[in-house]
Amino acid sequence: MIEKIQSYIEENKERFLEELKEILRIPSISADPAYKEDVQRTAEAVAGHLRKANMDVVEIHPTKGHPVVYGEKMVGADLPTVLVYGHYDVQPPDPLELWESGPFEPVVKKTDLHPQGAIFARGSCDDKGQVFMHIKAVEAMMAFDALPCNVKFMIEGEEEVGSDNLEIFCKENKDKLKCDVILVSDTSIIANDVPSITVGLRGLSYVEVEVTGPNKDLHSGVYGGAVANPVNILCNMIASLMDENNHITIPGFYDDVEVISDEERAAMNKAPFDLEAYKKDLDIADIRGEKGYTTLERTSIRPTLDVNGIWGGYIGEGAKTVLPAKAFAKISMRLVPHQDPHKITNLFAKHFKSIAPKSVRVEVRPHHGGEPVVTPTDTPEYQAAHEAMATAFGKEPIPQRSGGSIPIVALFEEVLGVKTVLMGFGLDSDAIHSPNEHYGLFNFYKGIETIPHYYFNYAKMKEK
Ligand code: BES
Ligand code: MN
Ligand code: MN
(Lines give C-alpha, C1' and ligand atoms only; values in the text may rest on other atoms or scores of the structure.)
(Ligands and ions follow the chains in the order given, each with its own letter.)
Protein backbone atom coordinates (compact mmCIF):
# COMPACT_ATOMS: atom_id res chain seq x y z
CA MET A 1 0.00 0.00 0.00
CA ILE A 2 2.76 2.43 0.91
CA GLU A 3 4.17 2.00 -2.62
CA LYS A 4 0.85 3.00 -4.18
CA ILE A 5 0.70 6.04 -1.91
CA GLN A 6 4.22 7.04 -2.84
CA SER A 7 3.42 6.73 -6.57
CA TYR A 8 0.34 8.89 -6.08
CA ILE A 9 2.57 11.53 -4.48
CA GLU A 10 5.09 11.26 -7.32
CA GLU A 11 2.35 11.60 -9.96
CA ASN A 12 0.76 14.61 -8.28
CA LYS A 13 3.91 16.54 -7.40
CA GLU A 14 3.38 19.38 -9.85
CA ARG A 15 -0.21 19.90 -8.77
CA PHE A 16 0.81 19.96 -5.08
CA LEU A 17 3.31 22.71 -5.83
CA GLU A 18 0.80 24.77 -7.80
CA GLU A 19 -1.75 24.42 -4.99
CA LEU A 20 0.83 25.51 -2.42
CA LYS A 21 1.61 28.57 -4.53
CA GLU A 22 -2.05 29.59 -4.39
CA ILE A 23 -1.99 29.56 -0.61
CA LEU A 24 1.32 31.44 -0.54
CA ARG A 25 -0.26 34.21 -2.63
CA ILE A 26 -2.59 35.18 0.22
CA PRO A 27 -0.88 37.60 2.64
CA SER A 28 -1.99 36.06 5.95
CA ILE A 29 -0.08 38.49 8.16
CA SER A 30 -1.57 37.91 11.59
CA ALA A 31 0.14 40.86 13.28
CA ASP A 32 -1.38 43.52 11.02
CA PRO A 33 -5.14 44.16 11.35
CA ALA A 34 -5.19 45.45 7.76
CA TYR A 35 -4.82 41.81 6.60
CA LYS A 36 -7.68 40.36 8.64
CA GLU A 37 -9.67 39.36 5.55
CA ASP A 38 -6.65 37.76 3.92
CA VAL A 39 -6.05 35.72 7.05
CA GLN A 40 -9.70 34.59 6.90
CA ARG A 41 -9.35 33.72 3.20
CA THR A 42 -6.27 31.64 3.99
CA ALA A 43 -8.21 29.74 6.65
CA GLU A 44 -10.88 29.01 4.02
CA ALA A 45 -8.25 27.83 1.54
CA VAL A 46 -6.75 25.48 4.14
CA ALA A 47 -10.22 24.16 4.97
CA GLY A 48 -10.85 23.63 1.25
CA HIS A 49 -7.77 21.40 1.01
CA LEU A 50 -8.86 19.42 4.07
CA ARG A 51 -12.19 18.78 2.33
CA LYS A 52 -10.34 17.77 -0.82
CA ALA A 53 -8.40 15.28 1.32
CA ASN A 54 -11.73 13.68 2.25
CA MET A 55 -11.88 14.62 5.92
CA ASP A 56 -15.24 13.81 7.54
CA VAL A 57 -15.34 17.01 9.51
CA VAL A 58 -13.91 20.36 8.41
CA GLU A 59 -14.66 23.44 10.48
CA ILE A 60 -13.47 27.01 10.66
CA HIS A 61 -13.71 28.16 14.27
CA PRO A 62 -13.85 31.90 14.75
CA THR A 63 -11.92 33.24 17.77
CA LYS A 64 -11.46 36.71 19.23
CA GLY A 65 -8.60 36.95 16.79
CA HIS A 66 -8.00 34.81 13.71
CA PRO A 67 -9.82 31.51 13.10
CA VAL A 68 -8.64 27.99 13.91
CA VAL A 69 -9.12 25.46 11.10
CA TYR A 70 -10.13 22.01 12.34
CA GLY A 71 -10.36 18.79 10.36
CA GLU A 72 -11.01 15.20 11.36
CA LYS A 73 -11.06 11.73 9.81
CA MET A 74 -11.87 8.85 12.13
CA VAL A 75 -11.16 5.45 10.64
CA GLY A 76 -11.42 3.20 13.68
CA ALA A 77 -12.21 3.59 17.36
CA ASP A 78 -9.39 1.18 18.25
CA LEU A 79 -6.78 2.97 16.14
CA PRO A 80 -4.44 5.65 17.48
CA THR A 81 -5.17 9.30 16.70
CA VAL A 82 -2.60 11.72 15.31
CA LEU A 83 -3.32 15.43 15.74
CA VAL A 84 -1.47 17.58 13.23
CA TYR A 85 -0.77 21.12 14.44
CA GLY A 86 0.60 23.95 12.33
CA HIS A 87 -0.04 27.59 11.45
CA TYR A 88 -1.22 29.32 8.30
CA ASP A 89 -0.37 32.84 9.48
CA VAL A 90 2.93 34.46 8.54
CA GLN A 91 5.30 37.16 9.76
CA PRO A 92 5.16 40.62 8.17
CA PRO A 93 7.40 40.63 5.08
CA ASP A 94 9.25 43.91 5.73
CA PRO A 95 11.78 45.20 4.71
CA LEU A 96 10.10 44.80 1.32
CA GLU A 97 12.92 46.35 -0.69
CA LEU A 98 15.21 43.46 0.22
CA TRP A 99 13.00 40.84 -1.45
CA GLU A 100 14.21 39.78 -4.90
CA SER A 101 10.65 38.85 -5.85
CA GLY A 102 7.39 39.76 -4.15
CA PRO A 103 6.83 38.06 -0.78
CA PHE A 104 3.39 36.93 -1.93
CA GLU A 105 4.36 36.11 -5.53
CA PRO A 106 5.86 32.64 -5.15
CA VAL A 107 8.62 31.69 -7.61
CA VAL A 108 10.94 28.68 -7.77
CA LYS A 109 14.66 29.44 -7.94
CA LYS A 110 17.80 27.38 -7.40
CA THR A 111 20.18 28.15 -4.55
CA ASP A 112 23.48 26.62 -3.38
CA LEU A 113 21.74 24.61 -0.70
CA HIS A 114 18.72 23.85 -2.89
CA PRO A 115 20.10 22.77 -6.28
CA GLN A 116 16.70 21.27 -7.17
CA GLY A 117 15.04 24.61 -6.56
CA ALA A 118 13.26 26.31 -3.69
CA ILE A 119 9.98 28.15 -3.55
CA PHE A 120 10.45 31.77 -2.50
CA ALA A 121 7.59 33.42 -0.58
CA ARG A 122 6.71 34.52 2.94
CA GLY A 123 5.38 31.45 4.74
CA SER A 124 6.85 28.96 2.26
CA CYS A 125 8.83 27.27 5.04
CA ASP A 126 7.22 28.86 8.13
CA ASP A 127 4.73 27.32 8.05
CA LYS A 128 2.34 27.07 5.08
CA GLY A 129 4.65 24.83 3.06
CA GLN A 130 5.14 22.46 5.98
CA VAL A 131 1.43 22.37 6.89
CA PHE A 132 0.61 21.67 3.26
CA MET A 133 2.86 18.57 3.23
CA HIS A 134 0.65 17.05 5.91
CA ILE A 135 -2.58 17.79 4.09
CA LYS A 136 -1.23 16.36 0.84
CA ALA A 137 0.20 13.26 2.56
CA VAL A 138 -3.23 12.60 4.08
CA GLU A 139 -4.85 13.25 0.70
CA ALA A 140 -2.55 10.59 -0.78
CA MET A 141 -3.42 8.05 1.91
CA MET A 142 -7.12 8.84 1.61
CA ALA A 143 -6.98 8.38 -2.16
CA PHE A 144 -6.67 4.65 -1.40
CA ASP A 145 -8.80 4.73 1.74
CA ALA A 146 -5.62 3.64 3.45
CA LEU A 147 -5.29 5.93 6.44
CA PRO A 148 -3.88 3.63 9.16
CA CYS A 149 -4.59 6.05 12.05
CA ASN A 150 -7.31 8.52 12.91
CA VAL A 151 -6.23 12.03 12.05
CA LYS A 152 -7.19 15.45 13.33
CA PHE A 153 -5.89 18.76 12.01
CA MET A 154 -5.67 21.95 14.04
CA ILE A 155 -4.17 24.73 11.94
CA GLU A 156 -4.15 28.13 13.59
CA GLY A 157 -3.80 31.71 12.37
CA GLU A 158 -2.06 33.31 15.35
CA GLU A 159 1.17 31.41 15.99
CA GLU A 160 3.31 34.35 14.97
CA VAL A 161 1.51 36.59 17.46
CA GLY A 162 1.59 34.27 20.46
CA SER A 163 -1.31 31.77 20.03
CA ASP A 164 -3.40 33.38 22.80
CA ASN A 165 -6.72 32.34 21.29
CA LEU A 166 -5.54 28.83 20.48
CA GLU A 167 -4.87 28.36 24.17
CA ILE A 168 -8.53 29.18 24.84
CA PHE A 169 -9.65 26.94 21.96
CA CYS A 170 -7.68 24.00 23.42
CA LYS A 171 -9.12 24.54 26.89
CA GLU A 172 -12.67 24.67 25.51
CA ASN A 173 -12.30 21.67 23.18
CA LYS A 174 -10.40 19.08 25.16
CA ASP A 175 -12.69 16.24 24.05
CA LYS A 176 -12.65 17.18 20.41
CA LEU A 177 -8.85 17.35 20.48
CA LYS A 178 -8.38 13.98 22.17
CA CYS A 179 -5.41 12.26 20.55
CA ASP A 180 -2.36 10.11 21.19
CA VAL A 181 0.28 12.35 19.69
CA ILE A 182 0.60 15.86 18.31
CA LEU A 183 2.64 15.94 15.12
CA VAL A 184 4.19 19.26 14.12
CA SER A 185 6.29 20.26 11.12
CA ASP A 186 7.42 23.79 11.97
CA THR A 187 11.14 23.27 12.65
CA SER A 188 14.30 22.39 10.74
CA ILE A 189 16.58 19.51 9.84
CA ILE A 190 20.37 19.91 10.03
CA ALA A 191 20.90 19.58 6.26
CA ASN A 192 19.25 17.84 3.34
CA ASP A 193 21.68 14.95 3.73
CA VAL A 194 21.65 15.12 7.56
CA PRO A 195 18.11 14.44 8.76
CA SER A 196 17.28 15.37 12.34
CA ILE A 197 14.28 15.53 14.63
CA THR A 198 13.77 18.47 16.97
CA VAL A 199 13.64 17.37 20.59
CA GLY A 200 13.57 20.74 22.32
CA LEU A 201 12.39 24.30 21.82
CA ARG A 202 13.36 27.39 23.77
CA GLY A 203 10.88 29.41 25.74
CA LEU A 204 10.41 33.13 25.37
CA SER A 205 10.01 36.29 27.37
CA TYR A 206 9.39 39.37 25.23
CA VAL A 207 9.28 42.92 26.58
CA GLU A 208 9.09 46.45 25.29
CA VAL A 209 10.90 49.20 27.17
CA GLU A 210 10.32 52.94 27.10
CA VAL A 211 12.83 55.44 28.45
CA THR A 212 11.60 59.01 28.98
CA GLY A 213 13.83 62.02 29.57
CA PRO A 214 12.70 65.66 29.23
CA ASN A 215 9.03 66.51 28.60
CA LYS A 216 9.69 67.36 24.92
CA ASP A 217 12.31 66.98 22.20
CA LEU A 218 15.04 69.59 22.79
CA HIS A 219 17.66 71.42 20.74
CA SER A 220 20.73 69.20 21.09
CA GLY A 221 23.01 72.23 21.14
CA VAL A 222 21.14 74.32 23.66
CA TYR A 223 20.47 71.45 26.09
CA GLY A 224 22.96 68.76 24.97
CA GLY A 225 25.50 67.87 27.65
CA ALA A 226 23.27 68.95 30.51
CA VAL A 227 20.12 66.85 30.12
CA ALA A 228 19.96 63.05 29.92
CA ASN A 229 19.50 61.80 26.37
CA PRO A 230 17.10 58.80 26.58
CA VAL A 231 18.62 57.17 23.50
CA ASN A 232 22.14 57.35 24.96
CA ILE A 233 20.86 56.10 28.30
CA LEU A 234 18.90 53.24 26.74
CA CYS A 235 21.99 52.12 24.84
CA ASN A 236 24.07 52.18 28.03
CA MET A 237 21.42 50.25 29.92
CA ILE A 238 21.13 47.60 27.21
CA ALA A 239 24.91 47.30 26.91
CA SER A 240 25.14 46.60 30.64
CA LEU A 241 22.77 43.63 30.35
CA MET A 242 25.67 41.45 29.17
CA ASP A 243 29.18 41.26 30.59
CA GLU A 244 32.50 40.72 28.78
CA ASN A 245 31.77 36.98 28.57
CA ASN A 246 28.36 37.62 27.00
CA HIS A 247 26.80 36.39 30.17
CA ILE A 248 23.47 38.04 31.06
CA THR A 249 23.80 40.26 34.14
CA ILE A 250 20.19 40.27 35.38
CA PRO A 251 20.36 38.95 38.96
CA GLY A 252 18.71 35.53 39.22
CA PHE A 253 18.48 35.08 35.45
CA TYR A 254 20.37 31.78 35.44
CA ASP A 255 19.04 30.44 38.76
CA ASP A 256 16.72 27.82 37.26
CA VAL A 257 18.67 26.99 34.09
CA GLU A 258 18.87 23.25 33.55
CA VAL A 259 22.37 21.92 34.02
CA ILE A 260 23.33 19.59 31.20
CA SER A 261 25.86 16.87 31.93
CA ASP A 262 29.22 16.81 30.16
CA GLU A 263 28.25 13.55 28.47
CA GLU A 264 25.06 15.05 27.09
CA ARG A 265 26.93 18.11 25.89
CA ALA A 266 29.53 15.96 24.19
CA ALA A 267 26.77 14.00 22.45
CA MET A 268 25.07 17.21 21.29
CA ASN A 269 28.29 18.52 19.85
CA LYS A 270 28.75 15.43 17.72
CA ALA A 271 26.04 16.75 15.41
CA PRO A 272 27.57 17.98 12.15
CA PHE A 273 28.19 21.72 12.18
CA ASP A 274 30.31 23.62 9.67
CA LEU A 275 31.39 26.90 11.25
CA GLU A 276 32.98 28.23 8.06
CA ALA A 277 29.83 27.60 6.04
CA TYR A 278 27.77 29.18 8.82
CA LYS A 279 29.85 32.37 8.75
CA LYS A 280 29.88 32.45 4.97
CA ASP A 281 26.10 32.09 4.75
CA LEU A 282 25.69 35.12 7.03
CA ASP A 283 28.62 37.16 5.66
CA ILE A 284 30.16 37.53 9.08
CA ALA A 285 33.88 37.46 9.87
CA ASP A 286 33.35 35.98 13.31
CA ILE A 287 30.72 34.59 15.60
CA ARG A 288 29.98 35.88 19.10
CA GLY A 289 28.31 34.32 22.09
CA GLU A 290 28.45 33.17 25.66
CA LYS A 291 31.93 32.13 26.74
CA GLY A 292 32.41 28.44 27.35
CA TYR A 293 29.75 27.19 24.95
CA THR A 294 29.75 26.07 21.33
CA THR A 295 27.51 27.58 18.67
CA LEU A 296 25.22 24.54 18.83
CA GLU A 297 24.92 24.97 22.60
CA ARG A 298 24.46 28.73 22.41
CA THR A 299 21.46 28.22 20.13
CA SER A 300 19.83 25.38 22.03
CA ILE A 301 20.62 24.82 25.70
CA ARG A 302 21.59 28.37 26.72
CA PRO A 303 19.30 31.36 27.25
CA THR A 304 19.78 34.62 25.35
CA LEU A 305 18.91 38.30 25.43
CA ASP A 306 18.54 40.18 22.15
CA VAL A 307 17.29 43.58 21.11
CA ASN A 308 14.79 42.99 18.29
CA GLY A 309 14.22 46.65 17.52
CA ILE A 310 15.30 50.02 18.88
CA TRP A 311 14.11 53.49 18.02
CA GLY A 312 13.88 57.08 19.14
CA GLY A 313 14.76 60.57 17.95
CA TYR A 314 15.21 61.66 14.36
CA ILE A 315 15.52 58.90 11.75
CA GLY A 316 14.40 60.79 8.62
CA GLU A 317 16.50 62.08 5.72
CA GLY A 318 19.53 64.24 6.45
CA ALA A 319 20.33 65.58 9.90
CA LYS A 320 18.11 67.20 12.48
CA THR A 321 19.78 68.30 15.68
CA VAL A 322 17.56 67.05 18.44
CA LEU A 323 17.82 65.63 21.90
CA PRO A 324 14.88 63.23 21.90
CA ALA A 325 12.41 63.01 24.76
CA LYS A 326 11.98 59.24 24.47
CA ALA A 327 13.67 56.03 23.39
CA PHE A 328 12.24 52.53 22.93
CA ALA A 329 13.39 48.97 22.44
CA LYS A 330 11.84 45.54 22.01
CA ILE A 331 13.83 42.84 23.77
CA SER A 332 13.49 39.06 23.60
CA MET A 333 14.91 36.53 25.99
CA ARG A 334 15.01 32.93 24.81
CA LEU A 335 14.63 30.58 27.74
CA VAL A 336 15.69 27.01 28.44
CA PRO A 337 14.26 24.33 30.75
CA HIS A 338 13.31 25.17 33.75
CA GLN A 339 13.25 28.94 33.39
CA ASP A 340 9.79 30.40 33.92
CA PRO A 341 8.83 33.16 31.45
CA HIS A 342 6.80 35.12 34.04
CA LYS A 343 9.56 34.98 36.58
CA ILE A 344 12.15 36.06 33.99
CA THR A 345 9.97 38.93 32.80
CA ASN A 346 9.66 40.14 36.40
CA LEU A 347 13.39 39.80 37.02
CA PHE A 348 14.07 41.77 33.86
CA ALA A 349 11.62 44.55 34.76
CA LYS A 350 12.94 44.89 38.29
CA HIS A 351 16.56 44.96 37.16
CA PHE A 352 15.99 47.28 34.21
CA LYS A 353 14.25 49.84 36.42
CA SER A 354 16.97 49.53 39.05
CA ILE A 355 19.76 50.43 36.62
CA ALA A 356 18.01 53.55 35.29
CA PRO A 357 19.61 56.83 36.37
CA LYS A 358 17.38 59.35 38.16
CA SER A 359 17.47 61.59 35.07
CA VAL A 360 15.06 59.30 33.16
CA ARG A 361 11.88 57.32 33.78
CA VAL A 362 11.62 53.72 32.60
CA GLU A 363 8.60 51.62 31.73
CA VAL A 364 8.70 47.90 30.93
CA ARG A 365 5.74 46.35 29.12
CA PRO A 366 5.59 42.55 28.84
CA HIS A 367 4.44 41.00 25.55
CA HIS A 368 3.76 37.33 24.85
CA GLY A 369 5.89 34.61 26.34
CA GLY A 370 6.16 30.87 26.28
CA GLU A 371 7.59 27.92 28.12
CA PRO A 372 10.52 25.88 26.83
CA VAL A 373 9.95 22.22 25.95
CA VAL A 374 11.95 19.02 25.74
CA THR A 375 10.30 16.07 24.02
CA PRO A 376 10.96 12.42 24.94
CA THR A 377 12.71 10.09 22.49
CA ASP A 378 11.94 6.75 24.15
CA THR A 379 8.31 6.61 23.02
CA PRO A 380 6.55 4.93 20.08
CA GLU A 381 5.45 8.42 19.00
CA TYR A 382 9.07 9.51 18.58
CA GLN A 383 10.33 6.17 17.27
CA ALA A 384 7.71 6.26 14.50
CA ALA A 385 9.20 9.58 13.36
CA HIS A 386 12.74 8.27 13.66
CA GLU A 387 11.99 5.31 11.45
CA ALA A 388 9.92 7.31 8.97
CA MET A 389 12.82 9.70 8.45
CA ALA A 390 15.37 6.89 8.29
CA THR A 391 13.29 5.24 5.53
CA ALA A 392 12.67 8.41 3.53
CA PHE A 393 16.19 9.87 3.82
CA GLY A 394 18.08 6.56 3.87
CA LYS A 395 19.90 7.83 6.98
CA GLU A 396 19.21 7.77 10.71
CA PRO A 397 17.95 11.14 11.95
CA ILE A 398 19.82 12.91 14.76
CA PRO A 399 17.85 14.23 17.75
CA GLN A 400 18.61 17.94 18.18
CA ARG A 401 17.27 20.80 20.30
CA SER A 402 16.30 23.93 18.42
CA GLY A 403 16.67 27.56 19.40
CA GLY A 404 13.25 28.71 18.21
CA SER A 405 10.00 28.75 20.16
CA ILE A 406 6.51 27.35 19.61
CA PRO A 407 4.85 28.38 22.88
CA ILE A 408 1.69 26.32 22.33
CA VAL A 409 3.64 23.04 22.52
CA ALA A 410 4.12 23.32 26.29
CA LEU A 411 0.42 24.13 26.61
CA PHE A 412 -0.55 21.03 24.63
CA GLU A 413 1.08 18.99 27.33
CA GLU A 414 -0.43 21.05 30.13
CA VAL A 415 -3.97 21.33 28.75
CA LEU A 416 -4.38 18.18 26.64
CA GLY A 417 -1.83 16.00 28.42
CA VAL A 418 -0.32 14.97 25.09
CA LYS A 419 3.33 15.05 23.98
CA THR A 420 4.43 16.51 20.69
CA VAL A 421 6.73 15.17 17.98
CA LEU A 422 8.58 17.96 16.16
CA MET A 423 9.23 16.51 12.74
CA GLY A 424 10.14 19.58 10.69
CA PHE A 425 11.76 19.69 7.26
CA GLY A 426 13.05 23.27 6.81
CA LEU A 427 16.66 24.41 6.91
CA ASP A 428 17.83 27.04 9.40
CA SER A 429 19.17 28.94 6.36
CA ASP A 430 15.72 29.14 4.70
CA ALA A 431 15.40 32.77 5.85
CA ILE A 432 12.20 32.40 7.87
CA HIS A 433 11.07 35.80 9.26
CA SER A 434 13.63 37.38 6.85
CA PRO A 435 13.47 38.72 3.30
CA ASN A 436 13.55 35.99 0.62
CA GLU A 437 12.17 33.22 2.80
CA HIS A 438 12.20 29.98 0.83
CA TYR A 439 11.52 26.27 1.15
CA GLY A 440 13.40 23.63 -0.80
CA LEU A 441 11.37 21.53 -3.22
CA PHE A 442 13.46 18.58 -2.01
CA ASN A 443 12.28 19.35 1.54
CA PHE A 444 8.66 19.85 0.51
CA TYR A 445 8.50 16.55 -1.35
CA LYS A 446 10.62 14.67 1.17
CA GLY A 447 8.19 15.77 3.85
CA ILE A 448 5.17 14.52 1.91
CA GLU A 449 7.00 11.23 1.37
CA THR A 450 7.99 10.85 5.06
CA ILE A 451 4.58 11.55 6.60
CA PRO A 452 2.75 8.40 5.36
CA HIS A 453 5.64 6.34 6.75
CA TYR A 454 4.99 8.01 10.09
CA TYR A 455 1.33 6.94 10.10
CA PHE A 456 2.09 3.36 9.07
CA ASN A 457 4.94 3.01 11.57
CA TYR A 458 2.90 4.48 14.36
CA ALA A 459 -0.19 2.33 13.68
CA LYS A 460 2.03 -0.75 13.63
CA MET A 461 3.76 0.15 16.89
CA LYS A 462 0.43 0.73 18.60
CA GLU A 463 -1.08 -2.59 17.49
CA LYS A 464 -1.98 -4.41 20.71
N1 BES B 1 8.40 27.94 13.34
C2 BES B 1 8.87 28.96 14.21
C3 BES B 1 9.71 28.43 15.36
C4 BES B 1 10.94 27.66 14.95
C5 BES B 1 11.70 28.03 13.85
C6 BES B 1 11.35 26.61 15.70
C7 BES B 1 12.82 27.30 13.49
C8 BES B 1 12.47 25.90 15.37
C9 BES B 1 13.21 26.24 14.25
C10 BES B 1 7.68 29.74 14.76
O11 BES B 1 6.78 30.09 13.75
C12 BES B 1 8.16 31.03 15.35
O13 BES B 1 8.65 31.84 14.62
N14 BES B 1 7.99 31.22 16.65
C15 BES B 1 8.32 32.45 17.28
C16 BES B 1 7.64 32.59 18.61
C17 BES B 1 6.30 33.29 18.58
C18 BES B 1 5.79 33.51 19.96
C19 BES B 1 6.30 34.57 17.80
C20 BES B 1 9.79 32.56 17.52
O21 BES B 1 10.47 31.55 17.73
O22 BES B 1 10.27 33.69 17.47
MN1 MN C 1 6.39 28.49 12.52
MN1 MN D 1 7.64 31.88 12.70
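For ligands, and for the atoms within them, numbers begin at 1 and follow the listed sequence. In what follows, residues are counted from 1 in the order of the sequence shown.
- Within the 4.5 Å cutoff, the side chain of Ile331 has no heavy atoms near those of the Tyr206 side chain.
- For ligand 1, none of its N or O atoms has an N or O atom of Gln91 under 3.5 Å away.
- For atom 8 (C) of ligand 1, the nearest non-hydrogen atom of the protein is Ser402 OG, 3.0 Å.
- Within the set His433, Glu159, Arg202, Glu158, the minimum heavy-atom distance to atom 10 (C) of ligand 1 is found for Glu159.
- The Mn ion (ligand 3) has Asp126 OD2, Glu160 OE1, Glu160 OE2, His433 NE2 as protein N, O or S atoms under 2.8 Å away.
- Distance from atom 4 (C) of ligand 1 to its nearest protein heavy atom, with residue and atom name: Asp186 O, 3.7 Å.
- Remark: Glu363 engages Glu210, Arg365 in a side chain to side chain contact (heavy atoms under 4.5 Å, CB included) (not counting sequence neighbours).
- Between His368 and ligand 1, a contact under 3.5 Å exists for no N or O pair.
- Contact annotation: the side chain of Val68 never approaches that of Asn165 to less than 4.5 Å [non-hydrogen atoms, C-beta and beyond].
- Note on ligand 1: Pro407 sits in its first shell, one or more heavy atoms being nearer than 4.0 Å.
- Residue contacts with ligand 1, taken as heavy atom pairs separated by less than 4.0 Å, do not involve Asp428 at all.
- A cation-pi geometry, defined here as NZ or CZ lying under 6.0 Å from the six-membered ring centre and within 45° of its normal, does not hold between Arg25 and Phe104.
- Residue contact check for ligand 1: Asp127 places no non-hydrogen atom closer than 4.0 Å to it.
- From the protein, the heavy atom lying nearest to atom 19 (C) of ligand 1 is Glu160 O, 3.6 Å.
- Look at Glu276 and Lys280 and you find no salt bridge, because none of the NZ, NE, NH1 or NH2 atoms lies under 4.0 Å from a carboxylate O.
- Side-chain contact between Leu296 and Met268 is absent, with no heavy atoms from C-beta onward closer than 4.5 Å.
- Using a 4.0 Å cut-off to heavy atoms of His87, the atoms of ligand 1 that qualify are 11 (O).
- For atom 14 (N) of ligand 1, the nearest non-hydrogen atom of the protein is Ser405 O, 2.8 Å.
- Electrostatic pairing of Lys419 and Glu413 counts as a salt bridge here, judged by a charged N lying under 4.0 Å from a carboxylate O.
- Qualifying side-chain hydrogen bond (donor to acceptor under 3.5 Å, both in side chains) partners for Asn346, counting only residues two or more places apart in sequence or in other chains: none.
- For atom 21 (O) of ligand 1, the closest heavy atom belonging to the protein is Arg334 NH1, 2.8 Å.
- Both tests hold for Lys109 against Phe120: distance to the six-membered ring centre under 6.0 Å, angle to the ring axis within 45°.
- His66 places a side-chain N or O within donor-acceptor distance of the main-chain N or O of Ser30, the cut-off being under 3.5 Å.
- Side-chain N or O atoms of Asp243 include none that pairs as donor or acceptor with a backbone N or O of Thr249 at under 3.5 Å.
- Counting only residues at least two apart or in different chains, salt bridge (Lys or Arg N to Asp or Glu O under 4.0 Å) contacts with residues 180-206 are absent.
- The shortest contact between atom 5 (C) of ligand 1 and any protein heavy atom is with Ile432 CD1, 3.5 Å.
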